[in-house]
Amino acid sequence: MDRNWTKSLFRWSAKGFLALTIAGSVWSAPAVHAAAPSLDTIRVAMFLDLGSQYKSTTNAVTLQSMEALTASLLAAGTLETLVNIPANQQVRMSVDTYRVKVLETTDWKTASEAAKKLQGTSDKPMLFIDGKVYKLYAGMYGTEKSAIEAAARTAKTAAAHLNGQTPSVKGGLHLSAGSYGSEAQAETVRKSFADAGIDAFNVLVPAGGASTYEVWVGEAANTSDLAAIKQEAGKVSAALVEQGANTSGLILRRDVSLNLATPQETQHYMLAGAQSTLRLEGKTGAATNVKERTDRSYRGIFEIGQKNGQLYLVNELPFQQYLYSVVGAEVPSSWGAEALKAQAVAARSYALFQGSKFEVAHVVDTTLSQAYYGTAYEYASIIQAVDATEGEVVLKDGKLVETVFSSNSGGMTADSTEVWGNRNDLFTAVESPGDSSSQAALKSWYHVLLPSGVTGYVREDNAKETGNKTSAGLLYMTVTSKDTNVRQLPLIQSNVEPVGKMNPGDTAVILEKVAESNSYDWVRGPYTSDELLASLKGKTTNSLPASISSLDVTERGPSGRALTIKANGQVLDVKYPDMFRSAFNGLPSTLFDIESTGSYTVLSANGAVSTVSSGQTVSVISGSGNGNVRGSGTVVMNGTGKARVIENSSGFKFTGKGFGHGLGMSQWGAKGMADEGYDYKQILQHYYRNTIITKD
């Protein structure tokens, strides 16, 4: 313990428990920066494709601001205003990359039904209207090859609506039919091509500090296609100039994608120019709504560009305002001031440590960095905590610390070896008793055995003990309400059918009383062999068995988290220990025990250990003499009096503690410390060892 942690903490037994994931998943040991940088503004990526590093994509974004926005095009180092978007006007935006033109039709029902078919696939639809013609597209795609593959898929998906049409690949190569002083003049020219059955578009382009209109003809994916379009379009006009993929502009289209029940037109701006970016900015800093981010609203400037052939959307805003939202999204605003301050300093240090990790942005808005959910998460108590610690960061040996944190460490934080597989003395296992505060207001649940032989859970406020006991001393219970659900796990899951129901007067045997599954204590499963093998597929570097008959934690780290797990006696080789969370159907943490529901282990008087499966019959000696007991349906008790039932079929139940990878600060643990009177610096220095808190 460090010098600031002076109160005695409970002793921790590491056997059999688990922890979960944090606000920023970490896959390699953190380095340290040479100095603590500062930021006035921060760039947060909402959509971005960086391949294996990060991928969150959408084919278009829908924006609406409470104030007028100025859309300016940045190309070749020059920023020029192209268009002003009125306050409260919804607009759609995309980038001019590879896509699939699925079909054209004058029938709304055909177009909308085909679009609905695509919605449920990876080939997301965009539906435009040109005069009376609906034009359905899918995409965008990063390469021509992937677009060709998508064209084949969409031909099958929309087959019933194509009416002889064949989906074709389109792209960002165009022909210019000239420049015009007004959109009306450009529209006259554009329509002459459209009437000839040739795709053409009005385009806003920069023109030395102003903007002008051009007409671009065609949307070719390659030079061969562009040549064919030029030959056909030459029948309408011979004055056509080829435009390269880096030619900048805003292609204007009318979008009807947002409501597939009734066509409602929305202005759509498609950014052309692979190296160009579009910046949208208001004068007062009013919030802008992003529909594709669950209709959240955000402060600051928005930037749209192209990365790896996909749209990226970046929100640039004052760093302090970013922290208001992040801290509010990461922890409840009702927590004590010192816990909120600790989170504010950790969030600030973590964000500063990232540098320009995501190329066009410092961080992303998901928990891969930190949860950033916009203005709805700004609260007075959070703002006060962020402002009170303004500029403060966590340093070790004069260098900025990557202050990773998790929701709940299950009573003991993780050692770096338990997450990354290598040693980092900043992240060592420390006690975190405050974690248990996460379940203080929760109900307990009875784990019960029904007369049918089925086991499940009944919440304590729906149950009462009868006072009667089995011959083994286990209590009976009944329920207080009609049709009381017996749940599969000790928590309410509205989307999961109960395993049974009980009525007043019905009785069940109480096997144990447990906490409601939460971020501190949890239960998952039981999972069958097939379910586990499906989840493990692709996550181990060695081959998997045909079926799993035994699953055991054979090595644990300093905090008790699983380091090595064997299936049928064979090591499951993963890249790093924390990967066991995703390998086993997304477990909350790696601080867990595994229980085989279809067998039990017997230690005989002579020290021999044997395993009895559900299908076996064993001879036992009881007070009434010798007898045979079949495994299935048998209630077994261990030396501490804990009881369980041997199920008919084999499965594996995981019981554990904690939520997140468990490294660094535990958010619930910080709350617990704050409630006991520790200040935010003491909290931070407990979780980040041998550090100081100072202004940057």
Side-chain angles (χ1 to χ4, degrees), residues 444-460 462-493 496-514 516-517 523-532 547-551 593-602 610-624 626-655:
S444 294
W445 291 66
Y446 287 104
H447 187 197
V448 300
L449 170 63
L450 300 177
S452 63
V454 172
T455 62
Y457 296 86
V458 178
R459 204 169 68 181
E460 64 177 347
N462 296 320
K464 66 177 182 179
E465 297 176 9
T466 66
N468 298 324
K469 296 182 179 181
T470 69
S471 57
L474 298 176
L475 287 166
Y476 283 99
M477 56 78 69
T478 187
V479 295
T480 57
S481 301
K482 184 179 179 181
D483 290 332
T484 297
N485 288 319
V486 181
R487 299 284 183 180
Q488 180 178 338
L489 296 176
L491 75 162
I492 296 174
Q493 297 173 291
V496 177
E497 285 295 315
V499 297
K501 289 183 180 291
M502 291 183 67
N503 290 298
D506 295 343
T507 59
V509 176
I510 300 173
L511 299 173
E512 60 179 330
K513 195 173 184 180
V514 301
E516 180 169 313
S517 274
V523 180
R524 294 292 186 273
Y527 300 118
T528 66
S529 169
D530 288 345
E531 288 172 330
L532 291 178
S547 65
I548 298 175
S549 58
S550 67
L551 192 65
D593 276 333
I594 306 172
E595 177 185 292
S596 175
T597 60
S599 65
Y600 61 97
T601 302
V602 177
S610 58
T611 298
V612 182
S613 67
S614 59
Q616 290 180 279
T617 299
V618 295
S619 177
V620 299
I621 301 175
S622 68
S624 57
N626 294 341
N628 293 324
V629 176
R630 186 172 177 81
S632 175
T634 301
V635 178
V636 296
M637 299 177 68
N638 65 10
T640 65
K642 180 180 177 180
R644 67 182 182 93
V645 176
I646 308 307
E647 306 286 349
N648 284 317
S649 57
S650 179
F652 300 93
K653 181 189 288 186
F654 294 79
T655 58

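What you see is a predicted model; the values in this text were computed from it and never measured.
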Nearest 0.5 angstrom please: [X] [atom1] to [Y] [atom2], how far?
{"X": "L474", "Y": "I510", "atom1": "CG", "atom2": "CD1", "value": "9.0 Å"}
{"X": "K653", "Y": "L489", "atom1": "NZ", "atom2": "CG", "value": "8.0 Å"}
{"X": "N462", "Y": "T484", "atom1": "CG", "atom2": "OG1", "value": "5.0 Å"}
{"X": "N468", "Y": "Y476", "atom1": "CG", "atom2": "OH", "value": "8.0 Å"}
{"X": "M477", "Y": "L449", "atom1": "CE", "atom2": "CG", "value": "11.5 Å"}
{"X": "N485", "Y": "E497", "atom1": "CG", "atom2": "CD", "value": "8.5 Å"}

Test log, rule side-chain contact (heavy atoms from CB on, under 4.5 Å), inputs L532 and F652: CA-CA 9 Å; L532 291 178; F652 300 93; 3.7 Å; yes
Nearest heavy atoms of G525 and Q488, plus distance in Å: O-NE2, 3.7 Å
Minimum heavy-atom distance S481-P504, with the two atoms named: O-CD, 3.5 Å
Verdict with supporting geometry, R487 and I492, side-chain contact (heavy atoms from CB on, under 4.5 Å): CA-CA 7 Å; R487 299 284 183 180; I492 296 174; 3.8 Å; yes
Please check: side-chain N/O of [X] versus main-chain N/O of [Y], any donor-acceptor pairing under 3.5 Å?
{"X": "S444", "Y": "E460", "value": "no"}
{"X": "T478", "Y": "G505", "value": "yes"}
{"X": "N503", "Y": "D483", "value": "yes"}

Would you check if [X] and [Y] make a side-chain contact, meaning some heavy-atom pair closer than 4.5 Å?
{"X": "E516", "Y": "R459", "value": "yes"}
{"X": "P490", "Y": "V514", "value": "yes"}
{"X": "K501", "Y": "V486", "value": "no"}

Test side-chain hydrogen bond (donor to acceptor under 3.5 Å, both in side chains) applied to E512 and Y446, step by step: CA-CA 6 Å; E512 60 179 330; Y446 287 104; over 6 Å; no
Heavy atoms of other groups near K469 NZ, more than 12 under 6.0 Å: no
Test side-chain contact (heavy atoms from CB on, under 4.5 Å) applied to V448 and V509, step by step: CA-CA 5 Å; V448 300; V509 176; over 6 Å; no
Parallel, tilted or perpendicular: ring planes of Y457 versus H447, cut at 30 and 60 degrees: parallel
Stepwise side-chain contact (heavy atoms from CB on, under 4.5 Å) test for F654 and L551: CA-CA 11 Å; F654 294 79; L551 192 65; 3.9 Å; yes
